[in-house]
Each structure stands twice: as structure tokens, then as C-alpha cells.
Amino acid sequence: MSIYDTLNEQQKKGVFTTEGPVLLLAGAGSGKTRVLTTRIAYLIEEKKVNPWNIMAITFTNKAAGEMRERVENMVGFGSESIWVTTFHSTCVRILRRYIDRLGYDNHFTIYDTDDQKSVMKEVCKKLQIDTKQIKERSLLAAISAAKNELISPEKYEKNIMGDYSRKKISGVYYEYQAALRKNNALDFDDLLVKAVELFQSCPEILKDYQERFRYICVDEYQDTNTAQFELIRLLAEKYRNICVVGDDDQSIYKFRGANIRNILDFEKVYPEAVVIKLEQNYRSTQNVLDAANAIIGNNRSRKKKVLWTDKGIGSKIHLKQFENAYEEAEFVVDDISRKKRDGTAEYSDCAILYRTNAQARMLEERFVLQGIPYNVVGGTNFYARREIKDILAYLKTIDNGRDDLAVRRIINVPRRGIGLTTVLKVQDYAEEREISFYDAIREAEQIPALGKSTGKLTVFATMIQAFRSKQEVYGLTDLIKDVIVTTGYINELEASDEEDAQTRIENIDELISKAASFENATDQATLTDFLEEVALVADIDEMESDGGKVLLMTLHSAKGLEFPHVYMTGMEDGIFPSFMSIAADNPEEEIEEERRLAYVGITRAREDLTMTCAKQRMIRGETQYNAASRFVKEIPLELLDNRLTTRRKVLAAASVKNYTSPENRPYIAGGNTATFAAGGIGKGMPAMGVMPDYGEGDRVKHVKYGEGTVLALEQGPKDYQVTVNFDSAGQKIMYAAFAKLVKV
DNA sequence: TAGTTGGGTTTTTTT
DNA sequence: AACCCAACTA
């Protein structure tokens with residue numbers, strides 16, 4: 001029996017039609033990833049295509065990783081040379097090699113949303129734009145929209161047509177790009193734009209990649225924007241072996257430029273395309289599918305298809321309305337704990353979905369109260385946290401002194417008594433000479449205006465230079481440890497009475513572990529590689545699956561996942577569909593997008609679906625009274641196990657009081673909310689400067705490097721430095737507090 | 001220069 | 001409710 005026998009007819013067609021353009025319209029749960037991976041295996045095993053010539057592109061690292069793993073399990077070897085990545089990493093890889101052709105340095109850094117905002121703030125200051133009238137974010141949104149459509153500043157300028165606000169944006173767009181270029185930085189959108197630009201201006205480079213990628217597969221095609229479309233179109237132009245997989249009903253990223261026409265008009269761009277529809281669902285029970293079909297059937301702009309299953313009717317959909325969000329959370333958590341007790345479900349079988357990240361908080365409180373393990377996916381990206389960004393700014397500075405933003409971020413963090421006045425003076429000097437901020441610091445002695453700050457700047461520059469030279473000898477992890485010790489970052493945190501100082505320290509510890517595992521997984525792991533990897537992780541990539549925990553996430557994050565038991569909470573008009581979509585200029589269109597989101601949510605459920613809503617809910621400090629979601633009302637009554645009934649609890653008032661005051665919260669022994677919420681075990685920071693229990697000549701053991709002999713142990717300024725000669729890993733110098741060496 | 005405080009704003013979703 | 005920022009004070 002071969003891997004192809006268990007496929008249905010349509011799936012087989014998808015696997016075997018390897019030549020020419022293919023559009024796979026794959027409904028939710030129809031096994032599209034399976035078709036995609038089997039197709040790749042077929043290309044390699046049967047068609048004898050060199051894995052090197054295959055490209056599979058997705059949106060998240062998680063999806064890419066899963067795809068690679070599945071292909072690996074099917075083909076004997078060679079799978080490691082398939083190019084399986086995300087759009088963004090693909091672009092970075094190409095640009096790292098060739099972006100000098102566009103006048104950038106190949107050592108460019110990648111700016112996240114935070115950095116973009118800082119840049120924009122400066123641009124606005126420079127152009128004297130009042131950010132109270134036009135907000136940075138709306139300017140950035142306009143620029144992002146333009147970039148997604150591959151509209152350059154020049155093109156944008158031509159399209160002003162006398163429109164005042166467009167004229168303003170046009171100027172901002174120019175300045176913003178200039179600022180990025182000066183810092184040798186690209187934002188997320190630039191990654192795509194510049195890759196396309198590169199291909200357009202260097203046909204010989206494009207040709208190389210066209211020769212390489214003879215077979216291209218694109219997952220989640222409905223979420224591609226114009227830039228992504230163009231990138232793929234260029235790459236596929238020569239061989240035209242392009243297979244795109246998507247579901248127009250699951251297009252939920254219009255707000256970030258996804259162009260649903262890419263999938264709807266595929267046959268116009270590729271008239272010879274073979275279109276295959278996958279409508280058999282292997283995931284959910286009939287009741288769940290009927291509900292999904294009933295809801296999505298209300299959308300007008302879509303390719304008609306109806307999902308079916310042979311999994312059986314299954315249980316009905318549960319619908320519950322509560323007085324307020326506390327009771328809603330209480331019910332959901334109780335229900336999950338009941339299922340666990342009954343043996344109906346494990347914690348990891350359950351997922352709670354909501355429209356906005358803020359809705360997680362109340363559920364979290366309840367989980368903590370009941371002592372049930374849970375994990376929140378997303379929210380604030382780990383790498384966007386202040387302490388992490390600070391450390392990364394050091395690394396960026398060490399790696400690429402041209403990123404002024406990074407240098408300015410850390411110039412006075414931890415405090416070195418370098419204030420705004422000094423920074424401005426340095427900046428003036430840098431601007432005058434057209435050099436980078438960091439280079440200006442290195443020339444601090446040449447700046448007469450500085451006065452006694454000069455010394456402080458010199459100390460800073462010397463420290464960075466020292467890191468740079470040590471970098472040659474050190475590994476990545478050692479460098480980070482050195483940075484946090486030498487700069488006194490950890491010391492400052494430990495000394496501070498800030499409430500979440502401990503959490504921050506733990507986060508830094510976590511960063512070190514991430515660096516260590518990156519170092520382990522990559523040979524020749526460079527600082528640049530690490531910074532790049534870190535810049536492109538998505539919330540969902542960080543999800544630990546099957547940690548025996550209930551998962552909480554937004555409906556958007558849930559796309560592509562499935563769970564036996566799904567809870568959709570906050571099913572209220574104004575929350576879901578969101579107020580923004582109801583109040584939009586084009587509500588029909590916006591609500592259709594929300595409806596697709598509802599469709600995505602429902603079709604995550606394998607067996608059991610529960611929808612909940614509350615009559616009353618606090619949003620941004622204001623109490624809102626919401627009716628049940630219109631989407632709920634679109635579900636035929638016979639699919640529900642009950643009518644809408646409100647549960648009223650006498651205890652509600654009392655219990656509300658209980659878990660709003662922190663003192664009354666029964667914490668899990670030995671832990672606290674923060675570590676619990678982060679889903680990690682709080683490892684804490686070992687004390688620094690404490691004499692280790694080993695000495696010169698002793699045999700010790702390290703988590704990563706294994707056993708070795710201590711060659712030297714000397715008291716440094718902050719902590720003991722220990723030099724160990726590891727049997728397999730060679731000689732390493734490390735701080736005793738971090739090395740966590742065990743005497744053997 | 002650093003820390004505090006009061007006022008104003010806010011994301012809905014994210015690579 | 002939470003966060004960010006500008007202005008004010010030590």
C-alpha cells in the first residue's frame with residue numbers, strides 16, 4: 001500500500017497534476033496540507049524531481065515547520081534541501097545575498113512595528129506634522145497599504161490628484177523610506193517590496209531563482225497580498241509549475257493587505273490552470289459543518305462550495321448567554337474542568353477562541369483561580385517586550401552600528417547618566433558629518449559641545465567595541481550573558497523595586513535559552529542569523545502544542561489548527577462582528593470578512609463546539625451591553641442543543657469581588673501569575689558573585705556542553721568567571737552564575 | 001538628569 | 001483599564 005492509496009479522487013488529482021498551474025480550492029479540514037505534502041513527496045519519489053528545485057511557501061514558521069516534518073516522514077532523504085519557508089524569510093534570504101544591488105548594505109536590520117513607530121515619530125517631527133491630528137499609526141497604515149500594493153513613493157506621488165492628505169502622506173512616505181535607508185533597515189513590508197524590486201531590476205538574479213524553483217507550492221493563498229502575488233508570479237514565470245492552495249472562505253487578513261482577488265482571479269492570470277475542489281471534510285462532525293455552512297452561506301462574494309463529512313452527526317452546538325464576562329469565563333473554565341474529570345477531554349484537547357486579545361485576561365484569571373494549566377498564544381510578542389528589545393538592541397549595535405534606533409535605545413539603558421541633551425548634541429554632529437549615531441559617539445572627543453559627557457560616551461563606545469572583538473571568540477549565548485552582566489542590566493533589574501522586575505529577569509533568562517537552542521540547531525550560528533530569526537517569529541510559532549494545557553488564542557491565530565473541543569467566547573454584536581466592521585463605511589464587505597472569521601472559528605472544532613456570550617462586558621473601562629452575535633442567529637435552531645438561556649448566579653457578585661483583589665487569589669504553590677501565564681517554569685536568576693562550589697581542576701557538567709575540567713576561576717567585577725575545557729565542546733569562558741555548572 | 005504625575009488615547013485582527 | 005507621553009519637580 002502506498003501513501004497515495006488513502007487519498008480521495010480529488011486529492012489524488014491534486015497530487016498527480018504536477019505540471020502547469022493548479023488551483024486547489026480546499027475547504028476547511030479537507031486535508032489540504034496532506035495534499036501539499038504528498039504532492040511534494042510524489043514529485044521527489046515518482047517524478048524524480050530534485051528536492052532542491054522545490055519551493056513551498058507559507059505564512060508562519062510553524063506551518064512551514066510542520067510541512068517540512070511531514071514531507072520528511074514521507075520521503076527517504078533530500079527533504080532538507082527543499083526550500084520550505086515563509087514569505088518573509090524567503091525574502092530575507094534572497095536580500096541578504098543581493099540587496100547591495102539596490103544600494104543597501106547586506107547587513108540590514110529588520111524593524112518591527114515598534115521601531116516603525118519610532119521612525120515615524122521622528123519623520124513627523126522633522127516634517128512638523130502634528131501627531132495629535134494625524135497619528136503615526138495611520139500614516140504607517142497608509143504606507144503599509146501602499147507597499148502591499150507595490151506602490152513606491154514615486155508612484156504614490158503621481159497619484160496624489162490634488163488630494164491634500166495624500167500629498168501629506170506622500171511626503172511622509174519619502175522621508176520614512178529615507179530614514180529606514182539611513183539606518184540600513186527594512187520594515188516587514190519592505191522585505192517583500194525590495195525582493196520584488198530586486199527581481200525587476202536584476203533579471204539575471206531572477207533567472208537564477210526561476211531555474212532553481214521549478215516547482216512552487218503556496219499555502220493559504222487567499223491571504224496573499226499584491227506584493228506576495230507578484231513575487232510568486234515572477235518566480236513561477238518560466239516553468240509555470242505553480243500550485244496554490246487556499247480557501248476564499250478563510251480569507252481573514254484583508255486588513256494587512258490580503259487581496260482576495262488573487263485567488264478568485266487565479267484562472268484569469270493562468271488560463272491553463274487546473275482547478276480542483278476539495279469539499280470532503282475529514283475533521284468535523286456534520287453538526288459543526290452544517291453550522292459553518294449555514295453561516296458562510298450568507299456571504300455573497302465567494303466561490304460556492306459545500307463541505308460534507310462522513311464522520312456522523314456528532315453532538316449539537318452548545319450556546320450559552322451570561323450576565324457578564326466573569327460568569328462566562330467561570331462557565332467555560334468549569335466546563336473544561338468537568339470534561340477533564342469525566343474523562344471526556346484532556347486539557348490539551350480544548351481551545352478557547354476570542355476576537356480580541358484583551359478578552360484573554362478574564363479567562364486567565366479564572367484559570368489561575370481554578371489551578372488549571374493554560375497557555376495564551378500571542379498577545380504581546382515575546383520579542384516585543386521592553387527588556388528583550390533592550391538586549392536585542394545591544395546585539396544589533398554590536399552587529400551593525402548603522403542602526404541608530406538601536407543605539408539610541410540603549411545609550412542610557414541601564415542608566416549611565418547620558419541624557420537627552422547629550423544625545424541631541426551627538427545627533428547634530430552625526431547629521432552634520434553624515435555619519436551614523438554610533439560613529440559619532442566613537443568620535444565623542446571631537447565634539448566640543450559635549451563637555452564632561454564625553455567620558456561617559458567613550459566608556460560606552462569602548463564597551464561596544466569590546467563586545468565586538470569578543471564576539472569572534474564567544475558563542476551567541478556567551479555574548480548575551482556577557483552583555484547583561486557587563487552592562488549591569490540584570491543588576492539594575494534586581495535592585496529595582498519594580499513590580500515585574502522578576503518577570504523581566506525570567507524573560508531574559510528565556511531569551512538566553514532561546515539563543516542556546518538556536519545555537520544548537522544551527523551550525524555557524526551568527527549574530528545576524530539570530531537577530532533575523534527573532535525578527536520574523538510570529539505569535540503562533542511560539543505555541544507549544546500538547547503541553548497538557550488549555551490553549552487560549554484569537555480567532556486569527558487559530559487558523560490552520562484544530563481541536564476536539566472548541567469554545568468561541570464573546571459572541572456578541574460589537575465584539576464579534578467587531579464594532580469597527582459594523583460602523584465601517586462599507587459594512588457589508590467588512591462583515592463578510594468577520595463572517596469568514598466565524599467560519600474559521602467554527603471549523604476548528606472536531607467534535608464539540610460551544611459558543612458563549614455575555615449581556616454585559618467591560619471594554620476599556622466602559623461597560624457595554626451587547627446583543628448576541630448576528631452570526632449566532634445565522635445558525636439553524638435544530639443544530640443547537642438549547643435556546644439562548646441566561647444563567648443567573650447569586651454568587652456572581654461575591655465571586656467577582658473575590659477575584660478582583662489580588663490578595664484573595666489562591667496561587668498555585670511555588671508559582672506566581674506571571675510565570676504561570678507565560679507558560680514557563682520560572683527558573684529565576686542565580687545569585688551573582690557567589691563563590692561556586694567547584695574550583696580549579698574540578699570536573700564539572702554543563703547542560704549543553706557536557707562534562708569538562710575547570711581550568712581557571714577568577715573573580716570578575718560582577719561575578720566569577722570560569723574557564724572550562726569541555727571534553728567535546730572545547731574551551732569556554734563563562735560567568736559562574738549562568739553556567740550552572742554541577743560538580744561531578 | 002531622573003523620577004513622578006496627570007492627562008489623553010486606545011487595536012480588532014498580524015508577518 | 002491600561003498604556004504612553006509630556007510636563008513638572010527634586
Side-chain angles (χ1 to χ4, degrees), chain A residues 57-64 85-92 110-114 116-118 121 131-132 135-138 140-141 144 147-148 186-193 220 223-225 227-228 251-258 325 353-362 377-381 383-384 386 412-423 452-453 456 496-498 534-541 553-559 570 574-584 590-591 593-594 596-598 600-601 617-624 660:
Chain A
I57 216 159
T58 62
F59 278 85
T60 65
N61 296 301
K62 182 169 182 288
T85 41
T86 65
F87 274 102
H88 293 268
S89 356
T90 295
C91 293
V92 173
I110 302 167
Y111 276 0
D112 68 9
T113 332
D114 244 38
Q116 292 185 51
K117 222 173 137 195
S118 314
K121 203 178 266 172
T131 52
K132 283 195 179 107
K135 275 159 219 117
E136 293 99 327
R137 359 179 327 93
S138 69
L140 283 167
S144 174
K147 287 182 177 177
N148 287 330
L186 300 184
D187 65 19
F188 284 131
D189 302 317
D190 278 340
L191 296 176
L192 298 160
V193 174
E220 306 282 11
D223 288 327
T224 50
N225 62 32
Q228 287 156 337
S251 163
I252 54 172
Y253 283 111
K254 195 170 126 217
F255 70 91
R256 80 173 185 211
L353 312 182
Y354 36 77
R355 180 65 237 268
T356 67
N357 280 306
Q359 287 166 255
R361 186 162 277 143
M362 194 145 293
V377 177
T380 22
N381 189 320
Y383 295 102
R386 192 177 74 204
N412 198 30
V413 175
R415 308 246 130 73
R416 316 188 159 86
I418 301 171
L420 190 65
T421 341
T422 311
V423 169
K452 57 183 175 160
S453 309
K456 295 173 187 165
S496 91
D497 48 3
E498 209 185 324
V534 145
L536 297 177
V537 292
D539 286 338
I540 198 74
D541 300 335
M553 68 187 93
T554 62
L555 287 152
H556 281 86
S557 298
K559 195 176 66 158
I575 304 278
F576 185 35
S578 74
F579 176 74
M580 297 294 274
S581 64
I582 298 171
E590 298 280 319
I591 289 200
E593 173 118 343
E594 297 277 304
R596 290 193 287 272
L597 194 54
V600 167
R617 186 183 296 269
M618 273 271 245
I619 303 271
R620 287 206 284 278
E622 238 182 323
T623 308
Q624 278 188 14
T660 40

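What you see below is based on every heavy atom in this structure, not just the backbone, and it leaves out hydrogens, waters and symmetry mates. Order of the sequence lines sets the chain letters (A, B, ...), proteins ahead of strands, with each chain counted from 1.
- Toward the 5' end of DNA chain B, the nearer of the two residues A/Leu597 and A/Asn412, judged by each one's closest nucleotide, is A/Asn412.
- Using a 4.0 Å heavy-atom distance criterion, A/Thr86 is classed as making no nucleic acid contact.
- A/Ser144 comes within contact range of no nucleotide atom at all, as no heavy-atom separation falls under 4.0 Å.
- No contact: A/Lys117 has no heavy atom under 4.0 Å from any strand.
- Here the C1' atom of nucleotide B/dT11 and the CD atom of A/Glu136 are 15 Å apart, to the nearest Å.
- Taking the P atom of each, B/dT13 and C/dC4 are spaced 15 Å apart, rounded to whole Å.
- Stacking of A/Phe255 onto the six-membered ring of B/dT13 is present: less than 5.5 angstrom between centres, less than 30° between planes.
- Looking at which nucleotide of DNA chain B each of A/Lys456 and A/Leu192 is closest to, the 5′-most match is held by A/Lys456.
- Counting heavy atoms from C-beta outward, A/Asn225 and A/Leu192 have side chains that approach closer than 4.5 Å.
- When heavy atoms are screened at a 4.0 angstrom cut-off, A/Asn381 is found touching no nucleic acid atom at all.
- Nucleic acid contact class of A/Lys135 (heavy atoms, under 4.0 Å, all strands): sugar-phosphate only.
- A distance-only check finds no donor-acceptor pair linking the side chain of A/Thr224 to the backbone of A/Glu220 [under 3.5 Å].
- At a threshold of 4.0 angstrom between heavy atoms, the contacts of A/Phe59 are confined to the sugar-phosphate backbone, with no base atom among them.
- Residue contacts shown for A/Ser578 include a base, since a base heavy atom lies under 4.0 Å away.
- Using a 4.0 Å heavy-atom criterion, one finds that A/Ser581 contacts no nucleic acid atom at all.
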